[in-house]
J.: 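The following block contains the structure, expressed as structure tokens.
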There are 2 protein chains.
Amino acid sequence: MTRTTADTTPTTVASSSADATRVAVSTVIFALRRLEGGDAARVALPLVRRTRDPHEGQWALPGGWLDIAESLDAAASRTLAETTGLAPSYLEQLYAFGAVDRSPTRVVSIVYWALIRADEISEDAVEPLFATENVQWFDAAALPRLAFDHNEIVDYALWRLRNKVGYSRIAHGLLADEFTLADLREVYEAILGRRLDPANFRRQVENSGTLIPTDRFRTGSHRPARLYRYNQDVELADRGPLDVAH
Amino acid sequence: MTRTTADTTPTTVASSSADATRVAVSTVIFALRRLEGGDAARVALPLVRRTRDPHEGQWALPGGWLDIAESLDAAASRTLAETTGLAPSYLEQLYAFGAVDRSPTRVVSIVYWALIRADEISEDAVEPLFATENVQWFDAAALPRLAFDHNEIVDYALWRLRNKVGYSRIAHGLLADEFTLADLREVYEAILGRRLDPANFRRQVENSGTLIPTDRFRTGSHRPARLYRYNQDVELADRGPLDVAH
DNA sequence: ACAAAAGTGTTAGGGCTACACCCATGG
DNA sequence: CCATGGGTGTAGCCCTAACACTTTTGT
């Protein structure tokens, strides 16, 4: 199986095919992280430092070239794992970016966006990659200037995330199997950037029929909160291209 | 400027680049047409007959190869004009289809969807192309078996159309400058596939602030109906990738 | 006069928001 | 016992659906 390394994220060093359009796949990965000293969780994403021209040294979305024998979805998962060691709990195509001048050579990027559960990002398996200092987490609301058109891409992915959280249950993709309603509400508040009424939030998700209450409670500093799990019968994201395309 | 002809819609006759992934651009074009004998308008789309293998003789979405020096949007407009002679009033990227086996050779198709106004499709300029019998309109609800994965693509485009008509004013893309509320309602009814209450429909669009009443009326067999035009200040489709990407 | 579409009025119900209030636990 | 988050109750508002009703034209 042909594999690329983390260094072969889209680059202009065109060897054999300088006169052809090439297809790259990149992914915007979202997770919830609690920053040092911060009380509330924030939306964060991992970026990789480019080790080649163009934009050497700048931060960019993880990605790589599309292999001739793999689907777009598979390429997104593969490049994601190779560059960051992460395996997303949710992965969806975002948009195809194809402006002529977005890279020195002609590159069409099929961009995906993904969600990672909080309990997955501190696995031992992924830390070594982060330890190389070539992968780093950033607050989605305070990004540096990124390589290529990646700032615009992240902005659009954030818009899609905020939008979709309103009419689907993608918040599940950011939570462990069992969670309290406060956990879930925190996800929504981090994504939407505003506080939600706990009472109304409870009723909304309870009436949606997507949650199954368990017998377990999380005990803490105050009254124990009931743990819930998601109803697997309900689609993670209601409708979408993947459902239609069989 | 490099141009392809209507015959060069995606094909497997790979001459120089059989071992590389190629990028094609196709478009699902929607219009409202009143079928013979039918009382209600229906959603229809033009398809082109393939003149080469694979799938020679089958109907397919209009499209063509992406030129190395043109953006995806430009390629969609160009191939649309070349194959059907149509210039859409609305054009938006739909999805990138990249399954390995969707074509004998590796082709990634960036698919767009477009809307054409009823007053545009009977222009003299476009009829010659349709007269060749290689372009033909089909009822969106009764399509034959299409080439490649184009049936699935149309299904997804239809889903997107039905979805988007609910929260944006893309219906405008199917109407002439001036129209009655009954005209507008007919667009919604054709897209959604169900009748709408005229009274409630009127109040909804009036309260949305997107319509400007004119002094003119359309006289017909009954009480004259006021003509409206769209408020140009309001976005055609609120938010989207194109707005974010500058 | 009559049919039919244009346009107005009215009412009931559901969902959302704001906010008052009780419950249970750790300290 | 008190602070705090968990959890319940409730009233107002807005939007929508349903449908009765009036207006205006062509025939």
Side-chain angles (χ1 to χ4, degrees), chain A residues 32 34 38-41 162-169 171 175-176 178-229 234 238, chain B residues 34 38-41 162-163 165-169 171 175-176 178-229 234 238:
Chain A
L32 241 54
R34 205 171 300 278
D39 45 347
R162 293 196 186 102
N163 210 41
K164 200 144 192 170
V165 83
Y167 65 87
S168 80
R169 9 155 306 189
L175 287 174
E178 294 196 337
F179 49 87
T180 66
L181 289 178
D183 292 338
L184 184 60
R185 182 161 47 85
E186 185 175 44
V187 173
Y188 278 80
E189 290 178 342
I191 292 174
L192 299 176
R194 61 189 171 89
R195 309 307 298 262
L196 300 174
D197 184 314
N200 296 330
F201 181 81
R202 161 183 298 273
R203 272 183 293 256
Q204 283 183 3
V205 299
E206 277 176 348
N207 293 342
S208 73
T210 59
L211 287 196
I212 299 175
T214 71
D215 297 341
R216 304 182 357 99
F217 289 79
R218 176 178 303 163
T219 176
S221 51
H222 295 295
R223 172 173 173 176
R226 183 180 294 276
L227 288 167
Y228 290 80
R229 50 175 62 251
V234 187
D238 327 65
Chain B
R34 206 171 299 278
D39 46 346
R162 292 196 186 101
N163 210 40
V165 83
Y167 64 88
S168 79
R169 9 157 304 191
L175 287 174
E178 293 195 340
F179 49 88
T180 67
L181 289 178
D183 292 338
L184 183 60
R185 181 161 48 84
E186 186 176 42
V187 172
Y188 278 79
E189 290 178 343
I191 293 174
L192 299 176
R194 60 189 172 91
R195 310 306 299 265
L196 300 173
D197 184 313
N200 295 330
F201 181 81
R202 160 183 299 274
R203 272 182 292 256
Q204 282 183 2
V205 299
E206 277 176 347
N207 293 342
S208 73
T210 59
L211 288 195
I212 299 176
T214 71
D215 297 341
R216 307 185 349 102
F217 288 80
R218 175 178 303 163
T219 176
S221 52
H222 296 294
R223 172 174 173 176
R226 182 180 294 277
L227 288 168
Y228 290 79
R229 51 174 63 251
V234 188
D238 328 65

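Proteins come first, then strands; the chains are lettered A, B, ... in the order of their sequence lines, and each starts at number 1.
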J.: Side chain of A:Asn200 only, please: which of C:dT8, D:dT16, C:dC19 is the nearest?
T.: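 Nearest to the side-chain atoms of A:Asn200, counting from C-beta on, is C:dC19.
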J.: Nearest to the A:Thr219 side chain among C:dT8, C:dG26, C:dA24, which nucleotide is it?
T.: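 That would be C:dG26.
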J.: Return whichever of A:His222 or A:Phe217 has its heavy-atom-nearest nucleotide of DNA chain D closer to the 5' end.
T.: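 Result: A:His222.
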J.: Expressed in angstrom and rounded to an integer, what is the separation of A:Asp183 atom CG from D:dG7 atom P?
T.: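 Atom CG in A:Asp183 sits about 11 Å away from atom P in D:dG7.
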J.: Figure out the OH/P separation between B:Tyr188 and D:dT16, and round it to whole Å.
T.: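 Distance, rounded to whole Å: 12 Å.
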J.: Quickly work out the B:Arg185 CZ to D:dA17 P distance and round it to whole Å.
T.: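 Roughly 14 Å, once rounded to whole Å.
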J.: For a 4.5 angstrom cut-off between non-hydrogen side-chain atoms, does B:Ile191 reach B:Val187?
T.: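 Yes; the side chains approach each other to less than 4.5 Å.
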J.: Rounded to the nearest Å, what distance is computed from the CZ atom of residue B:Phe201 to the C1' atom of nucleotide D:dC15?
T.: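 After rounding, the reported distance stands at 16 Å.
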J.: A:Arg226 near the nucleic acid: base, sugar-phosphate alone, or nothing, with a heavy-atom cut-off under 4.0 Å?
T.: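 Sugar-phosphate contact only - A:Arg226 comes under 4.0 Å of backbone atoms but never of a base.
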J.: So, does the side chain of B:Arg203 form a donor-acceptor pair with the base of C:dG9 at under 3.5 Å?
T.: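 By the distance-only test, yes, there is a pair.
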J.: Whole-Å distance between C:dG9 C1' and B:Asp197 CG?
T.: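 Nearest whole value for this atom pair: 13 Å.
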J.: Measure from CG on A:Leu192 to P on C:dT17 and round the result to the nearest Å.
T.: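 That distance rounds to 11 Å.
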J.: Just how far, in rounded Å, is P of D:dC14 from CD of B:Gln204?
T.: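 About 17 Å, once rounded to whole Å.
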J.: Look at the side chain of B:Ala225 and decide which nucleotide, out of D:dT24, C:dA6, D:dC19, has an atom nearest to it.
T.: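 Of D:dT24, C:dA6, D:dC19, C:dA6 is nearest to the side chain of B:Ala225.
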J.: Looking for any heavy atom pair under 4.0 Å, which part of the strands does B:Ala182 touch: base, sugar-phosphate only, or nothing?
T.: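 B:Ala182: backbone/sugar contact only, no base atoms under 4.0 Å.
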J.: Between the main-chain N or O of B:Leu196 and the side-chain N or O of B:Glu189, is there a donor-acceptor pair closer than 3.5 Å?
T.: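 Confirmed, B:Glu189 side chain pairs with B:Leu196 backbone.
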J.: Over all strands shown, is B:Arg218 touching base, sugar-phosphate only, or nothing at heavy-atom distances under 4.0 angstrom?
T.: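 Nothing, no heavy atom under 4.0 Å.
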J.: Can you find a donor-acceptor N/O pair under 3.5 angstrom joining the side chain of B:Arg223 to the base of C:dA5?
T.: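 No.
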J.: Starting the side chain at C-beta, find the nucleotide from C:dT25, D:dT8, D:dT24 nearest to A:Arg202.
T.: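 Ranking C:dT25, D:dT8, D:dT24 by closest atom to the A:Arg202 side chain puts D:dT8 first.
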J.: Under the side-chain hydrogen bond (donor to acceptor under 3.5 Å, both in side chains) test, which residues partner A:Arg162, sequence neighbours left out?
T.: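 In terms of side-chain hydrogen bond (donor to acceptor under 3.5 Å, both in side chains), with neighbours along the sequence ignored, A:Arg162 is linked to no residue.
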J.: Give the rounded distance in Å between these two atoms: CZ of A:Arg195 and C1' of C:dT17.
T.: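 Rounding to the nearest Å, CZ of A:Arg195 and C1' of C:dT17 are 17 Å apart.
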J.: With side chains defined as the heavy atoms from C-beta onward, is the minimum distance between B:Leu175 and B:Tyr228 less than 4.5 Å?
T.: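 Heavy-atom side-chain distance check fails, nothing below 4.5 Å.
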J.: For B:Gln204, which residues count as a side-chain hydrogen bond (donor to acceptor under 3.5 Å, both in side chains) partner, sequence neighbours excluded?
T.: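 Here no residue qualifies.
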J.: Mapping A:Arg194 and B:Thr180 to their closest nucleotides on DNA chain C, which lands nearer the 5' end?
T.: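 Checking each residue's closest nucleotide, the 5'-ward one belongs to B:Thr180.
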